[in-house]
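Along the sequence shown, the residues carry numbers beginning at 1.
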Amino acid sequence: MDDLAPDTKDWTWVCSRACAECGFDPTTVRSAEVAGLIRDDSGQWVPRLHATAVEVRTRPDRWSVLEYGCHVRDVHRIFEHRLQLMLTEEAPQFPNWDQDATAVADDYGSQDPRTVATELFEAASIVADTYDHVPADAWSRRGLRSNGSAFTVATIAIYHLHDIVHHAHDVAPRRI
């Protein structure tokens with residue numbers, strides 16, 4: 001689990017321009033669509049995690065489907081927490097989250113895929129419901145990551161969506 005290089009890139013640029021790697025284009029997303037897109041993505045993880053050999057890494061530079069599923073579940077939980085902070089506090093600073101340390105500490109590769117599928121779907125549903133109920137005047141509320149990156153509710157939604165779209169791309173079968 002801990003043999004992959006940690007991801008130290010600053011991905012905040014995905015809030016303003018398309019990702020050449022996964023194809024996500026933030027300019028095509030409307031606030032009213034965020035919850036539905038999260039729900040759609042979570043529905044696609046259930047069959048992925050019910051497939052065979054989901055714990056096997058098929059590329060040396062990528063996690064397994066199971067590990068990505070655990071990560072996406074935790075992404076939904078982290079963004080739900082951050083979204084709640086933004087909706088209830090003035091310009092909160094988010095606690096740091098080391099995704100690579102979490103993957104090792106929680107032993108992503110040994111978790112039960114069916115349990116992860118259920119937990120991912122539930123976490124996505126919770127955060128999607130929160131996005132569905134963001135008041136129109138709250139999309140501009142601000143929050144700060146521990147590294148100082150500033151987000152609004154609208155831009156954190158974009159950042160969140162890119163994360164899950166990108167990981168769906170990461171686990172997609174490679175085309176030759």
Side-chain angles (χ1 to χ4, degrees), residues 1-7 9 11 14 19 21-26 28-87 94-134 153 156-176:
M1 170 53 105
D2 56 354
D3 55 339
L4 293 181
D7 184 358
K9 295 180 222 152
W11 288 92
V14 301
C19 178
E21 190 173 334
C22 72
F24 178 83
D25 184 353
T28 66
V29 178
R30 305 294 168 253
S31 298
E33 301 170 332
V34 171
L37 293 169
I38 289 171
R39 287 185 186 98
D40 291 348
D41 179 81
S42 69
Q44 294 172 27
W45 278 97
V46 173
R48 283 184 194 125
L49 288 162
H50 283 92
T52 58
V54 296
E55 73 286 348
V56 176
R57 290 182 179 173
T58 58
R59 293 178 54 181
D61 62 335
R62 297 282 192 266
W63 283 339
S64 67
V65 170
L66 173 58
E67 291 165 315
Y68 276 115
C70 291
H71 174 70
V72 169
R73 172 203 59 206
D74 290 350
V75 163
H76 290 312
R77 291 172 174 170
I78 292 293
F79 279 85
E80 168 64 14
H81 181 249
R82 291 177 177 181
L83 183 55
Q84 290 294 339
L85 288 174
M86 293 174 80
L87 294 172
F94 311 133
N96 189 41
W97 180 48
D98 184 331
Q99 64 188 22
D100 297 303
T102 300
V104 172
D106 290 353
D107 197 9
Y108 279 180
S110 295
Q111 293 191 25
D112 177 64
R114 292 182 182 274
T115 300
V116 172
T118 299
E119 292 172 345
L120 186 157
F121 192 82
E122 288 172 355
S125 295
I126 290 167
V127 73
D129 287 349
T130 302
Y131 282 119
D132 265 343
H133 293 95
V134 171
V153 171
I156 208 165
I158 296 294
Y159 190 78
H160 182 180
L161 285 172
H162 171 262
D163 201 316
I164 64 175
V165 167
H166 199 96
H167 294 318
H169 170 79
D170 286 334
V171 300
R174 292 179 68 180
R175 294 188 180 110
I176 300 174

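Annotation: salt bridge (charged side-chain N to carboxylate O under 4.0 Å, His left out) contacts of D163 (sequence neighbours excluded): none. Shown here are the side-chain contact (heavy atoms from CB on, under 4.5 Å) partners of D40, two or more places apart in sequence or in another chain: there are none. Applying the side-chain contact (heavy atoms from CB on, under 4.5 Å) test to L85 and every residue at least two apart in sequence or in another chain returns H81, E89, P92, F94, P95. With sequence neighbours left out, the ring pair (Phe, Tyr, Trp, His ring centres under 6.0 Å) criterion links H160 to H76, F79, Y131. In this structure F24 satisfies the ring pair (Phe, Tyr, Trp, His ring centres under 6.0 Å) test together with H162, sequence neighbours excluded. D98 meets the side-chain contact (heavy atoms from CB on, under 4.5 Å) test with D100, A101; sequence neighbours excluded. For D106, the side chain to side chain donor-acceptor pair (under 3.5 Å) criterion is met by no residue, not counting sequence neighbours.
For V153 against M86, the heavy-atom pair with the smallest separation is N-CE, 3.3 Å. Contact detail for Y108 and E67: the closest heavy-atom pair is CD1-O, 3.5 Å. A124 and I38 get closest at one heavy-atom pair: O-CG2, 3.6 Å. Considering every non-hydrogen atom in both V127 and E80, the closest pair reads CA-OE1, 3.3 Å.
Side-chain contact check for R30 versus E33: some heavy-atom pair is nearer than 4.5 Å. The closest side-chain heavy-atom distance from S64 to V56 is not below 4.5 Å.
Residue pairs satisfying the side-chain hydrogen bond (donor to acceptor under 3.5 Å, both in side chains) criterion with at least one member in residues 115-127, sequence neighbours excluded, are listed as follows: R73-E119, D112-T115.
Between H71 and H167, the ring planes are perpendicular. Angles over 60° get that label, and only those under 30° would be called parallel.
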Starting from the C-alpha separation in whole Å, work towards a yes-or-no answer on side-chain contact (heavy atoms from CB on, under 4.5 Å) for W97 and V75.
CA-CA 10 Å; W97 180 48; V75 163; 4.0 Å; yes
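To the nearest 0.5 Å, atom CD1 of residue I164 and atom CG of residue L120 are 8.5 Å apart. Separating the CG atom in D132 from the OG1 atom in T130 is a distance of 9.0 Å, to the nearest 0.5 Å.
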Please tabulate, one pair per line, all N/O donor-acceptor pairs under 3.5 Å involving side-chain atoms of residues 41-51, not counting sequence neighbours.
unit_1 : atom_1 : unit_2 : atom_2 : d
D41    : OD2    : W45    : NE1    : 3.2
S42    : OG     : R39    : O      : 2.9
H50    : ND1    : V46    : O      : 2.7
H50    : NE2    : R114   : NH1    : 3.1

